[in-house]
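Written out below as structure tokens is the structure these notes cover.
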Amino acid sequence: MQRREFLKLSALLGSAGALPGLLSGCSAPPLPGSGEISTRCTVCNICFWQCAATLYTENGKPWKVVGNPEDPHCNGRLCTRGTGGIASYSDPDRLKQPLIRVTENGKQTFRPASWDEALGIIAGKMQAIAEHHGNDRIALFSHGDGGKHFQRLLQAYGSHACAHPSFAQCRGPRETAFGLTFGEGVGSPDRTDMAKSRCIVLIGSHIGENLHNSQVQTLMQALDQHATLITVDPRFSVPASKSRHWLPIKPGTDTALLLAWMNVLINEQLYDREYVERYCSGFEELDRHVQPYTPEWAWLETGLEPALIRETARAMAQAAPATLIHPGRHVTWYGDDTQRCRAIAILNALLGSWGRPGGFYRQEKVDLPPYPAPAPPEPEHDWMSTVQGNYPLVTTGISNVLIDHSVGKDAFFKGWFIYATNLTTTIPGIRKQLEQAAESLELMVVVDTMPAEITGYADVVLPECTYLERYDDLRNKAERTPTLALRSPAFPPRHDSKPAWWIARELAGHLNLGKYFPWQDYREVLDWQLEQVGSSLEEMERIGVKTFPRKTPLSFEPDKPVKFNTPGNRIELYSRHLARTGHDPLPKYTPPERPPEGYFHLNYGRAAAHTFGGTINNPLLFELMPENTVWVHPAAAAKLAVGNGEYVRLKNPEGTHSNRIRVRVTQRIRPDSVFLVHGFGHTDPRQRLAHGAGADDSGLMHNVKIDPVTGGTGMRASFVTLVREEA
Ligand SMILES: Nc1nc2c(c(=O)[nH]1)N[C@H]1C(S)=C(S)[C@@H](COP(=O)(O)OP(=O)(O)OC[C@H]3O[C@@H](n4cnc5c(=O)[nH]c(N)nc54)[C@H](O)[C@@H]3O)O[C@H]1N2
Ligand SMILES: Nc1nc2c(c(=O)[nH]1)N[C@H]1C(S)=C(S)[C@@H](COP(=O)(O)OP(=O)(O)OC[C@H]3O[C@@H](n4cnc5c(=O)[nH]c(N)nc54)[C@H](O)[C@@H]3O)O[C@H]1N2
Ligand code: SF4
Ligand SMILES: [Mo]
């Protein structure tokens, strides 16, 4: 028997029953808002944009959640998902109590346990790992607010390794490339000054389907002011439909286009010479480097006509410096991603948009001191150089590299904590490795709100309460206007769920590490911090959001020097760090692989109603979008003899099949690609709505391309074909 079989638990927890209140008939309710109303301030947690909101209850029951108009980060509006977020509280399929893996009659299963027992088991295994292997052998995977409590706990224990999938599966190459060029990353929220842009270029970024709230709002403001929008995308995306120019590029060839744009800007003397002379270094090398990359050369690579490449380059130059070549966000595409993101950064430098209105602004946050608590002891070894030595330019954990170092008897890591990330579908092509890691790891703890697939691999599953039932850290993001926003609970935790801060503090108690959590209730921490900046928990519970004055200007001041955090203190068009570490110091184009005969590029993205796979089972959002479809060009559909609305399965060249998925025949996609929204195709029957609905892209990714600079997982180099589902 395997040490740790994947458990779906359908039998144990009872599946297939009707969903209470959803499917059963009920009499007409009184009009909403006619009962006793009360409100609580919160911060939306349905994605990481963190819009401040007000939760309304009626007679103590959830009624609605609306944006806080005082919040400059959302301007009183929530997106579709944020509005539907309220149903995450009442989802009948939530995790309800701690679960521990046991073997009964020779079969592995989970059994419900008390918190004390579950935490005692975890603490015992952690102590055994420390004794037999060392106290630095536990890795944390985290994507969300509460992860920092586990990070503190693990650091106090001796393990500092921590990775967020928002780096190696999302914006790692972008942050690294902008850091190498300007000495600073783009950050989150992205520091784009779109409302003032006169020209915006989107390289893939499908803002409008990608629904980061204020980013959509500022794009719309720019369009209201007749800004020129240029969208480069093999698919006719929502922003493509609002663009002056749609460039339906051959997938994976964007760097060729970016180099040709630089060639035009330099050769036609359209770049911002004064800005470049004042702030940049390496222009001569760049000039020589881009000479071969003419629009005619790029035409053959990208399929985009030279006249269109020239016309769009001139439009960018005309609006500069209020021209934003958007840096994108999910940029782990073809494995040459740092190079592509560097090309985007350099293009912005040539147009003089970094540090200028309509380009990129300077971020500022509130100077909020941390609660006084003992600092965890310094680690004895540098885990990063042991595990991530091949990526000297990366200063954060690379999730897939940590996973590589967790497989096998001699692997470095012996335990995992997984907080709010469904690694099963988040890390492309991970399943085989997960099974192997599950064999060799001595401890796997998953903290989630839902029975996500990753819980099936855990030794212990810990149910966190939802964002509507807990305090979290104050929202304090570096952005245009420094603000603090408070998430406060509107309800006590349902079932036997608990907030992350409580779980981490209790576990610290079991490990004799209680002194690192010198408070009983997280309110003490929040109140102390707020007092340091002239506010209080009482005030924030009333107002939800508080704005603070900026200390620095939003843009560069023409008469003041700017010091960039790069080797030469200037914007590095030619990157010395890349040269020093053996990488191409100027952006290099790598032609992508083409699909074999009968196959298509597997393209994926977002939809307005969902955040990845975490919201599919949310009853309100499921109703809006219960399954995904696969977009297919009419010519491809005719060749494959598949019709609109028919069910098919996607198959990759290794023979892996997806769940069944409906075909959407549309001219909005190139004939060489198919597209589906990521997050569907759940396999765990405990998510009763989501189970089996639509198809999952990540399980089909057979050709993951690792970015040599950041270790990021390029996810767009896989191919699929469509197999008809026989009736
Ligand atoms: N509703 C909703 N919004 C979200 C999220 C969500 O889950 N739901 N997630 C958020 C997160 S974490 C992120 S990182 C962002 C991601 O959102 P973005 O950063 O916008 O992601 P991209 O990968 O740039 O965008 C996908 C687009 O790239 C296009 N594309 C595919 N291949 C190529 C190519 O070779 N070249 C070019 N130029 N385009 C290509 C696709 O057709 C698609 O339109 O979205 C955020 N917003
Ligand atoms: N194939 C493929 N892979 C991708 C992407 C893609 O488009 N396609 N996108 C990539 C990108 S851009 C990103 S940022 C990552 C995102 O990757 P993840 O953040 O791993 O995304 P999800 O799959 O939504 O997993 C989130 C998990 O958190 C749980 N959760 C939600 N709220 C809470 C909470 O309050 N507390 C706790 N403890 N748990 C909670 C959910 O139930 C869910 O299991 O995925 C990356 N991977
Ligand atoms: S963008 Fe939408 S889902 Fe994300 S925090 Fe804001 S309202 Fe919530
Ligand atoms: Mo992301």
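Order of appearance sets the numbers: ligands from 1, and atoms from 1 within every ligand. Note that the structure is predicted; figures quoted are calculated from it, not measured.
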Requested in this report: Using a strict cut-off of 4.0 Å, indicate which atoms of ligand 1 neighbour a heavy atom of Arg235.
Outcome: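 Those qualifying, in numeric order: 42 (O), 43 (C), 44 (O).
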Query raised in the report: Should you measure from each heavy atom of Ser205, which atoms of ligand 1 turn up under 4.0 Å away?
Result: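 Reading through ligand 1 atom by atom, the close ones are 20 (O), 24 (O).
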Query raised in the report: Regarding Lys705 and the six-membered ring of Tyr334, is the cationic atom NZ or CZ under 6.0 Å from the ring centre and inside 45° of its axis?
Result: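 Pair Lys705/Tyr334 does not count as cation-pi.
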If you take the centroid of each ring, where Trp contributes its six-membered ring, are [Y] and [X] closer together than 6.0 Å?
X      : Y      : value
Tyr589 : Trp297 : yes
Phe48  : His212 : no
Tyr89  : Phe491 : yes
Tyr419 : His143 : no

Requested in this report: Specify whether Trp354 and Phe178 have parallel, tilted or perpendicular ring planes, treating 30° as the upper limit for parallel and 60° as the lower limit for perpendicular.
Outcome: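 Rings of Trp354 and Phe178: tilted, 30 to 60°.
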**Report entry** Aromatic ring pairing Phe236/Trp246, orientation class (parallel under 30°, perpendicular over 60°, tilted between)
**Finding:**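 Correct class here is perpendicular.
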[X] near ligand 1, heavy-atom distance under 4.0 Å?
X      : answer
Gly605 : no
Glu209 : yes
Trp49  : no
Gly252 : yes

Just to be sure I read this right, does ligand 1 sit under 4.0 Å from the backbone of [X], its side chain, both, or neither, counting only heavy atoms?
X      : answer
Cys170 : side chain
Asp254 : side chain
Leu211 : both
Arg81  : side chain
Tyr334 : side chain
Arg606 : side chain
Arg716 : side chain
Ala609 : neither

Query raised in the report: Would a 4.5 Å heavy-atom cut-off, applied to side chains only, mark Leu78 and Val66 as touching?
Result: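 No, side chains not in contact.
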Query raised in the report: Does the side chain of Arg340 come within less than 4.5 Å of Thr255's, by heavy atoms?
Result: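 Yes, close enough: below the 4.5 Å cut-off.
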Query raised in the report: Would His330 and Tyr604 count as a ring-ring contact (aromatic ring centres under 6.0 Å, His included) if you check the C-alpha gap in whole Å, the side-chain angles of each, and the deciding distance to 0.1 Å?
Result: CA-CA 11 Å; His330 169 60; Tyr604 56 85; 5.6 Å; yes
Query - Contact (N/O only, under 3.5 Å) between Thr253 and ligand 1 - result: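 In this structure, Thr253 places no N or O atom under 3.5 Å from an N or O of ligand 1.
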Query raised in the report: Can you find an N/O atom of Ala607 closer than 3.5 Å to an N/O atom of ligand 1?
Result: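 Between Ala607 and ligand 1 (N or O atoms, distance only) the closest approach is under 3.5 Å.
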Query raised in the report: What protein N/O/S atoms are found closer than 2.8 Å to atom 6 (Fe) of ligand 3?
Result: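 For atom 6 (Fe) of ligand 3, the protein N, O and S atoms that sit under 2.8 Å away are Cys51 SG.
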**Report entry** Polar side chain donor-acceptor pair, Ser399 to Gln169, under 3.5 angstrom
**Finding:**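 On atom types as modelled, these side chains qualify, holding a pair under 3.5 Å.
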Requested in this report: Classify the side-chain pair Ser88/Asp91 by whether it contains a donor and acceptor separated by less than 3.5 Å.
Outcome: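 No, no side-chain donor-acceptor pair sits under 3.5 Å.
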**Report entry** Side-chain ion pair, Asp71 and Lys546, N-O less than 4.0 Å
**Finding:**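 No, Asp71 and Lys546 are not salt-bridged.
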Requested in this report: Could you walk me through whether His164 and Phe141 pass ring-ring contact (aromatic ring centres under 6.0 Å, His included), step by step?
Outcome: CA-CA 6 Å; His164 308 269; Phe141 299 88; 9.9 Å; no
Report task. Report the residue from Arg470, Met540, Arg475 that forms a side-chain contact (heavy atoms from CB on, under 4.5 Å) with Arg487. Result ->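 For Arg487, the side-chain contact (heavy atoms from CB on, under 4.5 Å) check succeeds only for Arg470.
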Query raised in the report: Please state which protein non-hydrogen atom is closest to atom 27 (C) of ligand 1 and give its distance, to 0.1 Å?
Result: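 Heavy-atom neighbour on the protein nearest atom 27 (C) of ligand 1: Gly204 O, 3.3 Å.
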Query raised in the report: Among protein heavy atoms, which lies nearest atom 45 (O) of ligand 1, and at what distance?
Result: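 Protein heavy atom at minimum distance: Asn210 CG, 3.3 Å.
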